[in-house]
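Data block below; observations after.
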Amino acid sequence: MAGYIVKRLLAMIPVLIGLSIIVFLIMAMIPGDPAQAILGNFATPENVARVNRELGLDKPLPQQYLIWVTNLLQGDFGRSYILNRPVLDEVLERFSATLILAGTSLVLCSIFGLLAGIVSAVRQFGWIDRTVTFFVLIGISMPSFWLGLLLILVFAVQWRVLPASGMFAIYGGGDLLDLARHLILPALTLAVVATGVIARLTRASMLEVLRQDYVRTARAKGLSERKVIYRHAFKAALVSVIPVIGIQAGFVLGGAVYIETVFQWPGIGAMLVKAISTRDILLVQGGVLVVAASYVLFNLIADVVQSLLDPRLKS
Amino acid sequence: MSEATAANGQAKARKSSGRPSAWKLLMNNKLAATGLWVLLAIAALAILVPVLPLPDPNVTEPADRLFPPLTEGHFLGTDHLGRDIFSRLLWGTQVSIAVGLSATVIAAVFGSLIGLVAGYVGGRTDNLMMRGIDMLMAFPYILLALAIVAALGPGLLNALYAIAIVNIPFFARNIRGITLGLKHREFVDAARLSGKSHVGVLFTEVLPNVLPVIVITMSTTVGWMILETAGLSFLGLGAQPPQADLGSMLGEGRKLLFTAPHVSFVPGLMIFLLVMSINLLGDGVRDVLDPRLKSGALAAPSARTAIDRDVVPEVEANPDRVLDVKALSTHFDVGDQVYKAVGGVDFYLGETECLGLVGESGSGKSVTAMSLAGLVPTPPGVIKGGRVMFEGADLLEVSDADLRGIRGRDIAYVFQDPLSTLHPLFPVGDQIAEAVRAHQPVSKQVAWDRAVELLDLVRIPNAAERAKAFPHEMSGGMRQRVSIAMALANDAKVLVADEPTTALDVTVQAQVLKLMDQLRRDKNAAVLFITHDFGVVSEICDRIAVMYAGRIVETGPTDAVLKSPAHPYTRMLIDCVPVMGQPGRRLDAIAGLPPPVNDLPDGCAFAERCPHATSECRKGDIGLGPLGEGREVRCIHPLKETVL
């Protein structure tokens with residue numbers, strides 16, 4: 001197993017290089033003088049020249065890339081001139097808030113999605129199945145940023161039971177309970193689409209597995225239906241659902257952009273949106289890289305979990 | 001003409017009318033049709049908005065700020081600048097649909113081009129292009145779009161490009177897959193040989209064949225693209241004022257969430273309706289164009305075969321018989337067709353006896369065996385009649401819980417092809433221990449030890465180690481031994497072996513047969529042995545029952561039947577078996593095919609293929625008649641000669 005993980009970690013390297021090249025090229029697409037874009041319209045010509053020199057923007061593209069990557073590897077993601085602090089510090093601080101939100105959402109959508117999928121497969125064509133199918137359809141068509149507003153209206157404005165925004169209460173908050181109260185609405189909103197996708201796939205995958213010969217064998221042994229479904233069928237279905245949960249990690253990380261804006265969650269998504277409108281290019285670059293790299297890591301974890309479940313995949 | 005044949009004729013007439021048109025199929029899908037109508041209504045409003053008698057969407061009127069919906073002159077009220085929301089909504093919908101569709105078309109064109117070229121050219125080009133596509137997919141979906149907007153600057157057109165680029169990989173991947181499959185097809189080769197250029201072949205031969213996939217991918221992604229461009233506008237990165245799409249209306253309305261929620265509610269609802277109707281339609285289009293992709297449409301089998309008996313015969317108790325089956329019939333209802341897979345089967349198993357159930361594939365022998373413990377999948381299987389008497393109870397009448405107690409404890413199965421019948425994700429020892437624990441109140445450790453003993457019993461070398469192996473790590477012969485061990489876990493009184501040696505090569509077959517024969521004698525189990533191979537039958541079975549088209553046509557002691565088969569079908573099956581030392585003997589396959597069990601003829605089902613058939617053979621129902629000691633045959637002209 002350890003060998004397999006090392007192999008997969010090594011396979012991550014070319015992907016990360018590819019990611020950095022794409023991010024680099026996108027930033028090279030910026031029309032006009034990038035240093036001007038980085039410093040803003042009121043920068044002095046001296047400062048523009050300095051940034052150009054620092055970033056090696058006067059050199060050919062491949063050399064620029066090498067300088068940039070070397071800096072990245074030394075933990076130097078550049079400086080946000082608007083926030084006046086190193087990009088990496090800001091990004092890591094914001095990313096931890098996003099991880100709390102996205103991680104909670106991923107756990108929620110996995111649990112709800114898998115449960116709904118199983119139940120609706122087992123009760124195929126029954127009323128539970130139809131109800132689940134109906135909500136899945138609504139879930140995957142729902143603009144999450146709108147759903148967030150609706151939930152704020154109901155729970156924060158009408159019933160006043162949950163806070164509408166932020167990560168902690170401004171006065172007297174700060175403990176875990178306070179965090180949980182602030183987390184409920186955004187985490188639920190963020191989980192809705194992914195729950196629908198996972199539920200849909202789990203249902204299809206369970207129905208596929210329930211037709212397999214080994215499920216008949218389990219029944220022929222005289223096992224209870226509960227064992228047949230939750231032990232034999234579910235384990236096999238999970239193998240094909242795990243990679244989709246990995247992909248949903250990407251949708252949840254990306255979707256956090258909307259949710260963090262709606263709920264004013266101090267995460268990396270809200271940071272990116274702000275950075276884009278203030279043209280804080282280096283901050284965008286750093287933020288995108290860190291989130292994309294963490295997504296690659298999520299997928300690696302999904303792969304490892306999948307191969308733990310299915311020993312056939314390791315060979 | 002009987003009613004049955006009339007119904008049959010009707011069914012045939014319907015079949016010949018062919019598959020209904022794609023449009024009809026789409027309209028038959030209620031959800032897809034609803035989606036289409038909603039979408040058409042929204043699109044009509046969006047297109048007609050310039051000629052509708054509505055206020056200008058951009059005229060501000062500070063005096064008319066924030067009117068609630070249903071205000072006179074403002075159907076949906078006004079926003080913070082006094083603009084008419086209904087008018088803005090329709091204009092915004094127009095923009096959103098146009099942007100979403102444009103993004104879809106751009107993504108489809110570029111993505112399909114990449115896919116076509118990569119799939120058709122192959123080699124290095126393919127490798128390079130697909131690596132690039134993989135890289136794009138390594139980004140979280142919306143994040144890449146954000147990065148692109150960050151570089152190009154906020155704006156509706158830039159948002160459109162960003163969303164299109166992000167969706168290119170979906171098209172490229174799907175189209176490349178299909179192109180790869182088409183590349184070496186005959187018609188592509190033929191076009192090449194006729195002198196067409198590569199480009200010509202790609203666009204006139206390959207492209208038309210990948211078009212359905214392009215349409216499917218478009219219909220399943222266009223909803224997303226509308227949603228995501230609206231999202232970018234919501235964040236203020238798409239449409240810039242005064243231009244408005246649904247997303248930017250929602251984004252502006254958000255600031256008034258607490259005072260005038262309708263300003264943000266209305267555009268959000270429109271996005272939702274639009275995307276939902278497109279998704280409904282997209283799913284419908286996909287199901288019509290590519291039914292294989294339709295997921296979860298097939299029914300999962302229930303825990304026990306459905307029972308709906310028309311015929312429940314009386315069975316006299318007979319203590320010599322462990323299992324006594326009377327008039328068992330199992331049908332498959334598929335559409336308006338009824339397949340009589342098992343059409344009234346009688347047989348019994350004496351104590352410690354081995355009965356061979358022999359027949360060609362499709363004769364109903366496996367379905368007979370599965371029916372005993374209710375293991376035929378429902379739908380489509382239904383047990384339509386008969387009794388399965390076991391220890392004084394009818395297995396077709398016992399409760400589900402009682403049946404579970406009997407399965408694996410009293411009646412145990414050995415299936416064909418253990419690669420698919422053993423669970424691929426559990427070690428074999430686990431699977432055997434589970435069978436033990438299903439019926440014996442022992443600890444996990446005791447069950448595991450018992451599993452190792454059983455593996456040892458079926459002569460698996462180094463059983464303690466091998467118990468930890470997964471099925472895919474074992475050879476076919478070893479796997480079959482595992483499934484035999486599993487069947488022996490609870491000292492069952494009846495073993496049902498469904499072609500247990502068919503998937504094995506000949507030497508292993510002989511070993512497994514010998515093992516089974518010895519074990520059933522050691523354990524005093526009765527065996528129902530299902531096979532199509534008379535060679536196998538003569539090795540292990542005390543008696544034989546020959547099945548044809550869902551019914552038993554001959555039964556009797558093995559030696560007697562083999563020596564002087566009475567049914568012409570039995571005779572022909574025996575003639576198919578090669579005999580050592582008679583190389584000159586002709587191995588004739590039986591000419592013709594068995595009749596389809598959804599359209600059985602009157603009289604003898606074998607008459608069509610029988611050299612001795614007379615007109616009498618094609619009339620009425622021919623019963624199973626006695627023929628000497630312990631033998632029965634379903635034939636009015638039984639053979640009398642003996643085989644060599």
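What you see below is based on every heavy atom in this structure, not just the backbone, and it leaves out hydrogens, waters and symmetry mates.
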Contacting moiety of [X], where chain A heavy atoms sit under 4.5 Å:
| X | value |
| --- | --- |
| B/F470 | side chain |
| B/I406 | neither |
| B/A138 | both |
| B/E473 | neither |
| B/P301 | both |
| B/L274 | neither |
| B/L237 | side chain |
| B/A435 | both |
| B/S302 | backbone |

Would you check if the side chain of [X] reaches a backbone N or O of [Y] as a donor-acceptor pair within less than 3.5 Å?
| X | Y | value |
| --- | --- | --- |
| B/R407 | A/K221 | no |
| B/H423 | A/A236 | no |
| A/W146 | B/F272 | no |
| A/T202 | A/G117 | no |
| A/S80 | A/L283 | no |

Heavy-atom proximity to chain B below 4.5 Å, by part of [X]:
| X | value |
| --- | --- |
| A/L150 | side chain |
| A/L137 | both |
| A/V239 | side chain |
| A/S224 | both |
| A/V284 | side chain |
| A/I281 | side chain |
| A/Y258 | both |
| A/V288 | both |
| A/I152 | side chain |

Side-chain touch A/L282/A/Q285, heavy atoms, less than 4.5 angstrom: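 In contact.
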
Can you find a pair of side-chain heavy atoms, one from B/I163 and one from B/L232, that are under 4.5 Å apart?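 The answer is yes; the side chains approach within 4.5 Å.
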
Using a 4.5 angstrom heavy-atom cutoff, name the option from [options] with the most pairs to chain A.
| options | answer |
| --- | --- |
| B/R409, B/M137, B/Q431 | B/Q431 |
| B/D134, B/D283, B/V149 | B/D283 |
| B/M486, B/E434, B/H439 | B/E434 |
| B/R437, B/M370, B/R304 | B/M370 |
| B/N490, B/L31, B/L273, B/V275 | B/V275 |
| B/P154, B/G247, B/G253, B/A147 | B/A147 |

Between A/T98 and A/E260, does any side-chain donor sit less than 3.5 Å from a side-chain acceptor?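 Yes - a donor-acceptor pair under 3.5 Å links their side chains.
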
Kindly indicate, with the supporting measurements, whether the criterion salt bridge (charged side-chain N to carboxylate O under 4.0 Å, His left out) is fulfilled by A/D129 and A/R203. CA-CA 9 Å; A/D129 185 25; A/R203 176 179 185 270; 2.8 Å; yes

Give, for atom OG of B/S420 and atom OH of A/Y214, the distance between the pair rounded to the nearest 0.5 Å.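 With rounding to 0.5 Å, OG (B/S420) is 9.5 Å from OH (A/Y214).
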
What residue, out of [options], has the most heavy-atom pairs lying under 4.5 Å from chain B?
| options | value |
| --- | --- |
| A/I21, A/L147, A/N299, A/L149 | A/L149 |
| A/V23, A/L253, A/V215, A/V15 | A/V15 |
| A/V122, A/V257, A/I247 | A/V257 |
| A/M206, A/M27, A/R216, A/Q212 | A/R216 |
| A/A292, A/A275, A/G254, A/P143 | A/P143 |
| A/V291, A/T261, A/I22, A/L272 | A/I22 |

Between [X] and [Y], does at least one N-O distance fall below 4.0 Å, as a salt bridge requires?
| X | Y | result |
| --- | --- | --- |
| A/R211 | A/E208 | yes |
| A/E225 | B/R404 | no |
| A/D310 | A/K235 | no |

Looking at A/F125, I'd like to know if the NZ or CZ of A/R130 sits under 6.0 Å from its six-membered ring centre while staying within 45 degrees of the ring's axis.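 So A/R130 doesn't make the cation-pi contact.
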
On the six-membered ring of B/F426, is A/R231 placed so that its NZ or CZ lies under 6.0 angstrom from the centre and within 45° of the ring axis?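 Yes, cation above the ring, under 6.0 Å and within 45°.
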
I'd like to know whether A/S205 forms a side chain to side chain donor-acceptor pair (under 3.5 Å) with A/S240, so could you lay out the CA-CA distance, the side-chain angles of the two residues, the decisive distance to 0.1 Å, and finally the verdict. CA-CA 7 Å; A/S205 173; A/S240 50; 2.9 Å; yes

What verdict does the side chain to side chain donor-acceptor pair (under 3.5 Å) test give for B/S366 and B/E499, after you've listed the backbone C-alpha separation in whole Å, the side-chain angles of each residue and the deciding distance to 0.1 Å? CA-CA 9 Å; B/S366 285; B/E499 307 241 15; 5.5 Å; no

